[in-house]
Amino acid sequence: MKQFATWNVNSLSIRLPQVLDWLAAHPVDALVLQETKLTDDKFPTADFGAAGWQVQWFGQKTYNGVALISREPATDIVKNIPGFADEQARVIAGTVGGVRVIGGYFPNGQAPGSDKFAYKMGWLDALRGWVGGQMQAHEQLVLMGDYNIAPEDRDVYDPVAWAGQIHCTPEERAQFRQLVELGLTDAFRLFEQPAKSWSWWDYRNLAFRRNQGLRIDHILVSAALKARVTACEIDRLPRKNERPSDHAPVVVTIDR
DNA sequence: ATGTCGAAGGGGCTTCGA
């Protein structure tokens, strides 16, 4: 059995104890983190090492930042999208146990029509081009992270209020579908899931208590892995911690 | 209340991003 997971931690400095606790309880083969918000010199390599984890990291000051935590060392590390000039640290990829693991912190996009929305679209175009090539080279591949896209209305607590808003625009949803059309599958939707399954709840408005959220953190798997996926779940438990991230981890389980 | 959280700059608060 293999397990891969993704978690936007919204500052690894704040969330490090929770991440180590979670890893102890969920010894996955690989976990990708988003929004570490750490420069590379500040990454807590020793803390992960002491707990028996291998780490690859790629960060910047204040914003963004990604990491790849794994049991076995990851090889063929790639940081950000090759050929796409980007000031922002958003992608880390490595091969773990024969599986190509790609972790991404997709741009938020702020609002349709904004400069940040245009950046999001360009970033997604570049990602798709690169991931397509990665799929040619790696039969077993997972693309996971904070996509900042709710793919369908059933991924939104109030689809009427959110219609056309950021995370829910037709352009973003088309981008998600185009990633799927590369030959990837949304592992979460391979299974019957509880209605109102979200991976993110705003800190404001008691959104978690009211279960008002979005499903914007995803794990897409290649065809070779799809045939072996036995489960995919959102772990809401860390969202109940005293100082939680606004996102919950998502985990996929693969047979053998 | 655009209602919270986290980082940064700078030394108490505001501003930015999400």
Side-chain angles (χ1 to χ4, degrees), chain A residues 6-22 32-45 47 57-67 80 86-92 103-124 127 144-151 155-169 171-173 175-176 198-218 234-250:
Chain A
T6 176
W7 193 4
N8 179 324
V9 292
N10 185 22
S11 168
L12 185 56
S13 298
I14 299 290
R15 234 65 68 187
L16 179 62
Q18 293 184 38
V19 173
L20 291 171
D21 285 352
W22 191 88
V32 289
L33 302 177
Q34 300 90 40
E35 288 203 86
T36 54
K37 298 185 176 178
L38 288 172
T39 49
D40 287 344
D41 57 303
K42 299 236 173 63
F43 197 88
T45 48
D47 298 273
W57 63 95
F58 179 45
Q60 67 181 91
K61 194 175 179 183
T62 311
Y63 303 120
N64 310 311
V66 288
N80 268 358
D86 198 348
E87 299 294 307
Q88 307 182 24
R90 296 189 172 276
V91 174
I92 191 155
Y105 176 47
F106 294 34
N108 175 289
Q110 196 176 50
S114 67
D115 289 350
K116 289 176 183 173
F117 190 84
Y119 165 72
K120 182 175 195 171
M121 291 298 123
W123 188 93
L124 284 159
L127 179 78
M144 53 186 177
D146 176 359
Y147 282 55
N148 273 312
I149 300 172
D155 301 310
V156 182
Y157 75 94
D158 187 347
V160 173
W162 280 79
Q165 302 296 309
I166 197 63
H167 309 312
C168 303
T169 63
E171 294 94 328
E172 292 165 279
R173 288 178 168 178
Q175 288 278 4
F176 187 89
W198 324 126
S199 66
W200 171 85
W201 302 259
D202 201 302
Y203 283 123
R204 296 168 287 191
N205 309 319
L206 303 173
F208 183 69
R209 274 176 45 144
R210 295 173 172 161
N211 197 32
Q212 298 180 338
L214 308 177
R215 191 176 71 95
I216 55 177
D217 300 85
H218 307 294
I234 299 169
D235 181 6
R236 298 164 53 104
L237 218 56
R239 191 62 175 78
K240 300 179 180 179
N241 285 336
E242 200 171 319
R243 275 181 96 181
S245 168
D246 44 353
H247 294 254
V250 187

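Chain naming here is simple, since letters A, B, ... match the order of the sequence lines and numbering starts at 1 in each.
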Residue pair A:Thr36, A:Ser11: steps toward the side-chain contact (heavy atoms from CB on, under 4.5 Å) verdict: CA-CA 5 Å; A:Thr36 54; A:Ser11 168; over 6 Å; no
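At distances below 3.5 Å, not a single donor-acceptor pair connects side-chain atoms of A:Thr169 with backbone N or O atoms of A:Ile166. A distance-only check finds no donor-acceptor pair linking the side chain of A:Arg215 to the backbone of A:Ala150 [under 3.5 Å]. A distance-only check finds no donor-acceptor pair linking the side chain of A:Asp202 to the backbone of A:Ala207 [under 3.5 Å]. A donor-acceptor pair is defined here as one N or O able to donate and one able to accept, closer than 3.5 Å; such a pair exists between the side chain of A:Ser199 and the backbone of A:Asp217.
Remark: P of B:dA1 and CG of A:Asp202 are 18 Å apart, rounded to the nearest angstrom. The interatomic distance linking A:Asn148 (CG) with B:dA18 (P) rounds to 8 Å, in whole Å. Between the NZ atom of A:Lys37 and the P atom of B:dA7 there is a distance of 6 Å, rounded to whole Å. The CG atom of A:Asn64 sits 17 Å away from the P atom of B:dG6 (whole-angstrom rounding). For the pair A:Asn8 CG and B:dA18 C1', the computed distance is 9 Å after rounding to whole Å. Note: CG (A:Asp115) to C1' (B:dG17) measures 15 Å, nearest angstrom. We find that CZ of A:Arg243 is positioned 15 Å from P of B:dT4, with the value rounded to whole Å. The interatomic distance linking A:Asp217 (CG) with B:dA18 (P) rounds to 15 Å, in whole Å.
Taking the nucleotide of DNA chain B with the nearest heavy atom to each of A:Asp146 and A:Arg204, the more 5' of the two is matched to A:Arg204. Between A:Arg210 and A:Gln88, the residue anchored closer to the 5' end of DNA chain B is A:Arg210, taking for each the nucleotide with the nearest heavy atom.
Among the atoms of the strands shown, base atoms are found under 4.0 Å from some heavy atom of A:Asn205. Across all strands shown, A:Phe208 has no heavy atoms under 4.0 Å from either base or sugar-phosphate atoms.
B:dC13 sits 23 Å from B:dA1 when the P atoms are compared, rounded to a whole Å. For B:dT15 and B:dG10, the C1' atoms lie 13 Å apart once the distance is rounded to whole Å. Rounded to the nearest Å, the gap between the P atom of B:dG3 and that of B:dG9 is 24 Å. Here, B:dG17 and B:dG12 have their P atoms 26 Å apart, quoted to the whole Å.
With ring centers used as reference points, A:His218 lies under 6.0 Å from A:Phe176.
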Listed pairs, N/O of protein and of nucleotides 9-16 of chain B, under 3.5 Å:
residue: B:dG9; atom: OP1; partner: A:Lys61; partner atom: NZ; Å: 3.0

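Judged by distance alone, the side chains of A:Tyr119 and A:Asp86 do bring a donor and an acceptor atom under 3.5 Å apart. Under 3.5 Å, the side chains of A:Trp201 and A:Asp246 contain no donor-acceptor pair of N or O atoms.
Checking B:dG6, B:dA7, B:dA18 against the side-chain heavy atoms of A:Thr62 singles out B:dA7 as nearest.
The side chain of A:Arg15 contributes an N or O atom lying less than 4.0 Å from OP1 or OP2 of B:dG6.
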